[in-house]
Amino acid sequence: MRNVYKALTIAGSDSGGGAGIQADLKTFQELRVFGMSALTAVTAQNTLGVQGVYPLSVEAVEQQIESIGTDLGADAVKTGMLFSAEIIQAVAAKVKQFGWNQLVVDPVMIAKGGAPLLQEEAVSALKTHLLPLAMVITPNIPEAEVLTGMTIRTINDRHEAAKRLYELGVKHVVIKGGHDDDDDEAVDVLYDGHEFSYFTSKRIETNHTHGTGCTFAAAITAELAKGRSVKEAVQTAKAFIQAAIEHELGIGHGHGPTNHWAYRQANLS
Ligand SMILES: Nc1ncnc2c1ncn2[C@@H]1O[C@H](COP(=O)(O)OP(=O)(O)OP(=O)(O)O)[C@@H](O)[C@H]1O
Ligand SMILES: Cc1ncc(COP(=O)(O)O)c(N)n1
């Protein structure tokens, strides 16, 4: 019988479909992995910004994860918007309960337009409870700054930040370069506790980058679910997000979503 690989995303809903749960499920599907979700919050959101944030109760989050863990199971798990310290603690407890060690943590803090998606006091809960369980963490530069308390300007700063995050118990750290001031290239740096690897692509000049972080981390999760190594998973995720940014859909009036089917189309021809 053919193996069906399964991935679970624990994250917020983006009504606009470009980020959050919607981006994750689309990415899982595109990479031929069965996607499941546990919602942490509903956001009213479009390409212009976030108009409302409605967190779910801790019990609702726990029960969704319990329902999945006790029946379907998951080959890899991703977390995105977790919103509060209480939700983070509950998610960490469930991840431990089900022994999910292929955990990708995208430490979502702030939406593109500046709306907070994680309460400030929840940052320490993230560091204490969830990061020690993570196989991979995928902060952008501002998120890595908040998590490490250091300013990141150069590639050496990124190396130092990656080492500090590794010290918290994360097995692989990817510090993404979307927010870097390099005009030519977007470079993501991976650290596995021994060496650094670099994933470089041409920087595309576009306004349509809503959900890039979610999509990238979801692609890593899908590839881990299929049994790929972390390095292979990051390589595929980089190609996936590059295609998704390059073939923008041009919808909405603000920061538009990426194109989740572009990678598949590129690989069909
Ligand atoms: N303009 C761009 N051109 C090419 N690749 C990009 C561009 N912007 C971001 N990326 C890539 O997209 C992925 C996400 O990076 P980024 O640093 O933007 O994450 P993020 O800030 O968490 O995303 P988001 O903007 O969704 O919050 C990385 O692989 C990064 O290299
Ligand atoms: C529900 C939800 N989760 C995450 C993000 C981050 O999105 P981005 O990838 O644009 O930073 C978002 N805007 N909304």
Side-chain angles (χ1 to χ4, degrees), residues 9-27 37 39-56 78-83 87 104-118 136-147 152 158 174-190 198-220 233-248 252 254-260 262-263:
T9 169
I10 305 170
S13 165
D14 167 10
S15 53
I21 290 273
Q22 288 80 0
D24 296 345
L25 292 177
K26 290 173 193 181
T27 304
S37 60
L39 275 186
T40 56
V42 172
T43 71
Q45 195 174 167
N46 55 26
T47 65
L48 298 170
V50 179
Q51 290 82 38
V53 174
Y54 310 94
L56 267 68
K78 166 185 183 280
T79 65
M81 171 187 181
L82 294 174
F83 191 67
I87 293 180
V104 178
V105 174
D106 184 18
V108 172
M109 292 181 188
I110 297 174
K112 276 267 152 57
L117 301 177
L118 181 73
V136 186
I137 184 177
T138 60
N140 61 27
I141 290 174
E143 289 159 354
E145 289 184 326
V146 170
L147 290 168
I152 303 174
R158 273 208 260 174
V174 182
I175 304 188
K176 300 171 294 188
H179 297 246
D180 198 355
D181 53 15
D182 184 331
D183 291 335
D184 303 322
E185 293 180 330
V187 184
D188 301 336
V189 177
L190 167 67
Y198 305 88
F199 301 85
T200 302
S201 66
K202 184 165 94 45
R203 182 175 293 274
I204 299 155
E205 212 188 310
T206 175
N207 203 19
H208 301 285
T209 54
H210 175 61
T212 51
C214 303
T215 302
F216 177 73
I220 296 175
V234 174
Q235 186 83 53
T236 300
K238 183 70 174 157
F240 190 98
I241 194 62
Q242 186 72 10
I245 298 172
E246 203 161 356
H247 301 279
E248 64 185 40
H255 285 293
T258 69
N259 178 347
H260 290 97
Y263 178 80

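Atoms within a ligand are numbered from 1 in the order they appear, just like the ligands themselves.
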Run through all N or O atoms in ligand 1 and write down each protein N or O closer than 3.5 Å, as a pair with its distance.
{"from": "ligand 1", "atom 1": "1 (N)", "to": "Ile204", "atom 2": "O", "distance (Å)": "2.8"}
{"from": "ligand 1", "atom 1": "3 (N)", "to": "Ile204", "atom 2": "N", "distance (Å)": "2.9"}
{"from": "ligand 1", "atom 1": "17 (O)", "to": "Gly178", "atom 2": "N", "distance (Å)": "2.9"}
{"from": "ligand 1", "atom 1": "18 (O)", "to": "Thr212", "atom 2": "OG1", "distance (Å)": "3.4"}
{"from": "ligand 1", "atom 1": "19 (O)", "to": "Lys176", "atom 2": "NZ", "distance (Å)": "3.3"}
{"from": "ligand 1", "atom 1": "21 (O)", "to": "Asn140", "atom 2": "ND2", "distance (Å)": "2.8"}
{"from": "ligand 1", "atom 1": "21 (O)", "to": "His179", "atom 2": "NE2", "distance (Å)": "2.5"}
{"from": "ligand 1", "atom 1": "22 (O)", "to": "Asn140", "atom 2": "ND2", "distance (Å)": "3.4"}
{"from": "ligand 1", "atom 1": "22 (O)", "to": "Lys176", "atom 2": "NZ", "distance (Å)": "2.6"}
{"from": "ligand 1", "atom 1": "23 (O)", "to": "Thr212", "atom 2": "OG1", "distance (Å)": "3.0"}
{"from": "ligand 1", "atom 1": "23 (O)", "to": "Gly213", "atom 2": "N", "distance (Å)": "3.0"}
{"from": "ligand 1", "atom 1": "25 (O)", "to": "Lys112", "atom 2": "NZ", "distance (Å)": "2.0"}
{"from": "ligand 1", "atom 1": "25 (O)", "to": "Thr212", "atom 2": "OG1", "distance (Å)": "3.3"}
{"from": "ligand 1", "atom 1": "26 (O)", "to": "Thr212", "atom 2": "N", "distance (Å)": "3.0"}
{"from": "ligand 1", "atom 1": "26 (O)", "to": "Thr212", "atom 2": "OG1", "distance (Å)": "3.1"}
{"from": "ligand 1", "atom 1": "26 (O)", "to": "Gly213", "atom 2": "N", "distance (Å)": "2.9"}
{"from": "ligand 1", "atom 1": "29 (O)", "to": "Asp188", "atom 2": "OD2", "distance (Å)": "2.5"}
{"from": "ligand 1", "atom 1": "31 (O)", "to": "Asp188", "atom 2": "OD1", "distance (Å)": "2.8"}
{"from": "ligand 1", "atom 1": "31 (O)", "to": "Asp188", "atom 2": "OD2", "distance (Å)": "3.3"}
{"from": "ligand 1", "atom 1": "31 (O)", "to": "Lys238", "atom 2": "NZ", "distance (Å)": "2.9"}

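- Among residues two or more places apart in sequence or in another chain, the side chain to side chain contact (heavy atoms under 4.5 Å, CB included) test is passed with Asn259 by His247, Leu249, Trp261, Ala262.
- Between the side chain of Thr206 and the backbone N or O of His208, at least one donor-acceptor pair lies under 3.5 Å.
- A distance-only check finds no donor-acceptor pair linking the side chain of Ser13 to the backbone of Thr43 [under 3.5 Å].
- At least one donor-acceptor pair under 3.5 Å links the side chain of His255 to the backbone N or O of Asn207.
- The pair Asp180-Arg203 does not meet the salt-bridge criterion, since no charged nitrogen lies less than 4.0 angstrom from a carboxylate oxygen.
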| task | Mind running side-chain contact (heavy atoms from CB on, under 4.5 Å) on Leu25 and Thr9 for me, showing each step along the way? | result | CA-CA 8 Å; Leu25 292 177; Thr9 169; 4.2 Å; yes
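- Not a single salt bridge (charged side-chain N to carboxylate O under 4.0 Å, His left out) links Lys26 to another residue, sequence neighbours left out.
- At least one donor-acceptor pair under 3.5 Å links the side chain of Asn46 to the backbone N or O of Leu48.
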| task | Dump the intermediate steps for side-chain contact (heavy atoms from CB on, under 4.5 Å) on Thr27 and Tyr263, then the final yes or no. | result | CA-CA 10 Å; Thr27 304; Tyr263 178 80; over 6 Å; no
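- Within 4.0 Å of ligand 2, contacts by protein heavy atoms are made from Gly12, Ser13, Ala19, Gly20, Gln45, Met81, Val108, Ala111, Lys112, Leu117, His210, Gly211, Thr212, Gly213, Cys214.
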